[in-house]
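Reading through the structure tokens given below for one structure.
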Amino acid sequence: MGLTRRAWSRHVPKANMLDPNRMDDVLRRGGDVGKAVEQWKLVDQKRKSLQGELDGLRASRNSANERMSKLDKKSAEFVAARDELKLLASKIKEDEAALSATEADAEQQLLMLPNAPHSSVPDGKNEHDNQVLHVWGTAPTFPDGFVPKNHWDVGEALGILDFERGAKISGARFTVLKGWASRLTRALMNYMLDLHTSNGYQEVWPPALVRRASLRGTAQLPKFEADVFRLAMPEPPPGTAPESIVPDNDLFLSPTAEVQVTNLHSDEILDASVLPIKYCAYAPCFRAEAGAYGKDTRGLIRQHQFDKVELVKFTTPETSYAELDALRTDAERVLQGLGLHYRVMTLCTADMGFGSSKTYDLEVWLPGQNAFREISSCSNYEDFQARRAKIRYRPNAGDKPRMVHTLNGSGIAIGRTLVAVLEQYQQVDGSVIIPPALRPYCGGLERIPAPAV
RNA sequence: GGAGGAGUGGCCGAGUGGUUUAAGGCAGCGGUCUUGAAAACCGCCGAGUGAAUAGCUCCGGGGGUUCGAAUCCCUCCUCCUCCGCCA
């Protein structure tokens, strides 16, 4: 397929980065969103009036240029006209500077506004207002008197999770997987990708490092820069003018394959006939998670580096909610195939991610923690990312381009799945049963043998 | 890492300072003709902003020179060729 790239000047403010018709819905997010919206409207008004004024000046310059081209370059008339136009040129330059400052201001404000929740999303104040959509399976039962262990106890006893050496090599929140933990990770990755490709997803193996522009396209930036690992910038060559330094080679460790895969089609106008597009991708994920100190400090739940298979869809606006349900079902298949007990939550307005219009979380049962924990998050971003990343489609030949809807969901987090397997399939003797679906990927092994005492 | 070359509308491609407010071709859409199709002929045919069939902006991105830049200068990005290095 040829790459269809269209110029979309950086100078043009993304006035429609947030659909103006959805501003009322954005207010459901609560907090000081209302104030931010009002502020943006003022700046945007200023931008429009500056633009109008500047356009008028440019129009007069353009018609003057037409006359200039016909004049004798040595005539007194030419010289007089040129001197007069110098004034106009400097006025235009002034206005351009003012406009571009206002545009930058408007754009920065817009980038900080969250997406509008879909009408079906429940209002809420915090995560306790999320709603249970359904529950699948039942919690494993253990013999009387046996208290199920945490996965880190199970894993360390088996010698397959090495937290101490992970920290020695790389610091806190890095873990070394050994033996069957390593093998199971590989097995899970293949099991998930095989499952999704057989369900019509095209497999993608993306780069792990991404540019600032890509992170901005999927809305991790500019608001959440503190959560992403950034590579040290190479020094610009000596003598480089500051205004000419564009951070296009400013690289980050991708926090999720959603970034790479969604940006596959940034700056493109897709043909309607190719929609919906369904991708699945494995990628290592890196999160700095500033502010998460003290949460889940033990175990594999919250790591700076983890593995995940991601599902991404590009759809028309008309079908995106049906596709969201289908995507969530495809993620659920992974857990069902492994026989892991889980539930599905519909997130309320307060708990949804910044860019999402609607999100379902899959929460797997962890007997060692006696709790459900998030293992997948499936969201419809509607046109929020499409506007930032400029992903459009043409409904019919000759039609104006429209924004696509982008969706993504974990399909699913591999490390947390390993956690769930270790906890749900642990046996009294310390051994762990391998779910049947994974055995073909583990050389037929049925059980990780109990640790030698 | 070093040395060269190149980036123009869906595709190809002209254009080295002012009738380019981007030629021409291909593809696409509409029409004439035809029983139908092909061919031929005629017309339409990039995007963004904007209430707009007005105006303005966009020739990889950004900046500069000039009354005026696709065209000249700087810089970044991307691709290609050769050398080096490497898995």
Using only side-chain N and O atoms of A/Asn62, determine if any of them is under 4.0 Å from OP1 or OP2 of B/C67. no
Partner of B/G4 by Watson-Crick or G-U wobble geometry, both contacts under 3.5 Å, or none? B/C80
Among side-chain atoms of A/Gln51 and A/Asp55, is any donor-acceptor pair under 3.5 angstrom? yes
Could you tell me whether the phosphate oxygens of B/G50, OP1 or OP2, come under 4.0 Å of any side-chain nitrogen or oxygen in A/Arg47? yes
Which atoms form the tightest heavy-atom contact between A/Phe354 and A/Arg29, and what is the distance? O-NH2, 3.4 Å
Of the listed nucleotides (B/C67, B/G18, B/G50), which one gets closest to any side-chain atom of A/Ser69? B/G18
Separation of A/Asp83 atom CG from B/U66 atom C1', in whole Å? 13 Å
Measuring from the side chain of A/Met68 (C-beta onward, heavy atoms only), which nucleotide among B/G50, B/G55, B/C67 has the closest atom? B/C67
Value in whole Å for how far the C1' atom of B/C77 lies from CZ of A/Arg212: 16 Å
With distance as the sole criterion, is a donor-acceptor pair present between the side chains of A/Ser357 and A/Asn115 under 3.5 Å? yes
For A/Arg211 and B/C76, give me the distance from atom CZ to atom P, rounded to whole Å. 13 Å
Length of the line joining A/Arg58:CZ and B/A69:P, which is rounded to integer Å: 11 Å
Please confirm whether the shortest side-chain N or O distance from A/Arg394 to OP1 or OP2 of B/C45 is below 4.0 Å. no
For a quick check, tell me whether the side chain of A/Asp55 and the base of B/G55 share a donor-acceptor pair closer than 3.5 Å. yes
Would you confirm whether the ring centroid of A/Phe229 sits within less than 6.0 angstrom of the ring centroid of A/His304? yes
Starting at CG of A/Asp267 and ending at C1' of B/A47, how long is that distance when rounded to a whole Å? 11 Å
Both distances under 3.5 Å, Watson-Crick or G-U wobble: report the partner of B/C58, or none. B/G46
Considering only side-chain heavy atoms of A/Phe78, which listed nucleotide, B/G55, B/A47, B/C67, is closest? B/C67
Examine B/G48: is either OP1 or OP2 under 4.0 Å from a nitrogen or oxygen in the side chain of A/Arg392? Give yes or no. yes
Return the nucleotide paired to B/A69: Watson-Crick means purine N1 to pyrimidine N3 with N6-O4 or O6-N4, wobble means G-U with N1-O2 and O6-N3, both under 3.5 Å. none
For a quick test of reading the model: is some side-chain N or O of A/Lys93 closer than 4.0 Å to OP1 or OP2 of B/U65? yes
Going by atom types alone, do A/Gln260 and A/Ser254 pair a side-chain donor with an acceptor below 3.5 Å? yes
